[in-house]
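To start, the structure under review is shown below, and the notes come after it.
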Amino acid sequence: MFQTSSNLLSQMADNLSFLLVCLITIVAIYAIAILGERFTKHSPSSISLAKKVTFIGIFSGIAFVLMMFSFPLWFAPNFYKIDISDVPVLICAFTLGPVAAVLAELCKVLLNLIISGTSTAFVGEFSNFIIGCFFVVPASILYRLFQTKQSAYISVVVGTIIMTVFGTVFNALYLLPKYAVLYGIPLDSLIGMGTAINPNITDITSFVLFAVAPFNLLKGSIISIVTLLLYKKIRFFLLRTSD
């Protein structure tokens with residue numbers, strides 16, 4: 001009985017600490033987005049606050065729908081699933097700025113949690129939010145400095161690199177160990193899932209290098225290409241409807 005109570009308290013402590021990290025991270029990312037927006041060009045003044053809120057809702061809604069269409073990749077365990085839900089978020093970031101992008105990213109994840117629930121003890125959703133933000137926020141800030149075609153290309157490349165590096169390190173140091181704790185499985189079992197796919201994966205370092213890093217690099221590349229193909233036409237439509 002005592003051991004059961006002790007385990008329950010330990011699990012509650014783990015859940016609360018994870019929730020606290022989530023909240024602190026969300027606040028920190030939002031603060032970065034605000035600072036980035038203040039030191040770069042502002043969103044088109046012709047877009048009213050009401051329409052900005054409407055656009056954020058539309059972008060996050062589309063992102064939520066796209067988030068439902070995900071699939072695993074051959075070089076990573078199947079709990080890593082790729083989707084293109086960050087395409088509308090990145091378009092939102094380019095059009096309305098990094099703050100709007102963070103809000104769209106957050107709404108997307110919250111909608112997914114409310115409607116679909118979680119199968120990863122909330123770690124997957126938290127990872128999707130924070131790693132997505134580390135792509136769209138830097139890309140948005142860089143793009144807003146010049147707002148040219150060349151800066152758009154540079155911004156998505158830099159955003160992809162930042163997301164890949166941050167995602168790799170953050171998975172190794174926090175997300176994978178926390179996923180193992182909250183989901184109640186040994187970390188070695190997670191690594192074993194990677195080993196079954198790639199024999200070169202033998203520990204946490206090789207796991208993130210051979211599975212997580214290429215996953216984020218591929219995801220960032222796909223999102224960048226699709227966004228660059230769609231952004232100009234969508235931005236023209238948004239600005240036209242904002243008149």
Side-chain angles (χ1 to χ4, degrees), residues 7-37 56-57 59-61 63-64 66-68 70 76-77 79-83 85-86 88-90 92-93 97-141 159 162-187 190 204 207-208 211-213 215-216 219-220 223:
N7 291 337
L8 180 60
L9 289 173
S10 177
Q11 185 177 7
M12 289 178 61
D14 288 332
N15 290 336
L16 288 174
S17 67
F18 178 67
L19 178 61
L20 181 61
V21 170
C22 291
L23 292 174
I24 292 173
T25 304
I26 291 171
V27 171
I29 290 175
Y30 190 74
I32 292 171
I34 291 175
L35 290 174
E37 196 156 296
I56 292 172
F59 283 125
S60 58
F64 160 68
L66 292 176
M67 195 176 181
M68 299 173 67
S70 60
F79 55 86
Y80 282 98
K81 294 183 179 181
I82 195 168
D83 61 66
S85 63
D86 282 332
V89 178
L90 185 56
C92 178
V99 172
V102 172
L103 294 175
E105 192 80 49
L106 182 61
C107 290
K108 174 194 77 173
V109 173
L110 290 177
L111 281 171
N112 184 70
L113 281 173
I114 293 170
I115 296 176
S116 302
T118 180
S119 60
T120 60
F122 300 102
V123 178
E125 289 75 22
F126 175 61
S127 173
N128 189 287
F129 168 77
I130 185 173
I131 293 177
C133 283
F134 268 86
F135 175 39
V136 299
V137 171
S140 173
I141 292 173
I162 292 175
M163 179 180 69
T164 301
V165 173
F166 175 82
T168 301
V169 175
F170 197 52
N171 266 271
L173 297 181
Y174 185 75
L175 287 178
L176 284 170
K178 182 58 70 173
Y179 179 77
V181 170
L182 295 178
Y183 212 67
I185 59 176
L187 183 58
L190 293 179
I204 191 71
F207 186 101
V208 297
V212 178
F215 175 88
N216 285 323
K219 181 177 180 177
I223 291 170

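For the atom pair Ile26 CD1 and Phe126 CZ, the distance stands at 7.0 Å (nearest 0.5 Å). Distance check: Leu103 CG to Leu110 CG gives 10.5 Å after rounding to the nearest 0.5 Å. To the nearest 0.5 Å, atom CG of residue Leu111 and atom CD of residue Glu125 are 12.5 Å apart. For the atom pair Leu190 CG and Leu176 CG, the distance stands at 6.5 Å (nearest 0.5 Å). The distance from atom CG of Asn112 to atom OG of Ser60, rounded to the nearest 0.5 Å, is 12.0 Å.
The shortest non-hydrogen separation linking Phe64 to Ser116 is CE1-OG, 4.4 Å. Pairing each heavy atom of Val102 with each of Ile29, the nearest pair is CG2-CG2, 3.8 Å. Scanning all heavy atoms of the two residues, the minimum distance from Ile131 to Gly167 falls at CD1-CA, 3.9 Å. Val212 and Asn171 make their closest contact through CG1-ND2, 3.6 Å (heavy atoms, listed as atom of the first residue, atom of the second, distance). Closest approach of Gly220 and Phe135 over heavy atoms only: O-CZ, 3.9 Å. Considering every non-hydrogen atom in both Val89 and Ala101, the closest pair reads CG1-O, 3.6 Å.
Taking the side chain as every heavy atom from C-beta outward, Tyr30 and Leu106 never approach each other to under 4.5 Å. Looking at heavy atoms from C-beta onward, Asp86 lies in side-chain contact with Lys219 at the 4.5 angstrom threshold. At least one side-chain heavy atom of Thr168 sits less than 4.5 Å from a side-chain heavy atom of Val208.
Identified under the side-chain hydrogen bond (donor to acceptor under 3.5 Å, both in side chains) test for residues 126-139, with sequence neighbours left out: Lys108-Asn128.
No side-chain donor-acceptor contact under 3.5 Å links Ser85 to the backbone of Met67.
Aromatic pair Phe134/Phe170: centroids not less than 6.0 angstrom apart.
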Apply side chain to side chain contact (heavy atoms under 4.5 Å, CB included) to the pair Asn216 and Phe166, showing each step before the final yes or no. CA-CA 10 Å; Asn216 285 323; Phe166 175 82; over 6 Å; no

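Taking the six-membered ring for Trp and thresholds of 30 and 60 degrees, Tyr80 and Phe207 have ring planes inclined between 30 and 60 degrees apart.
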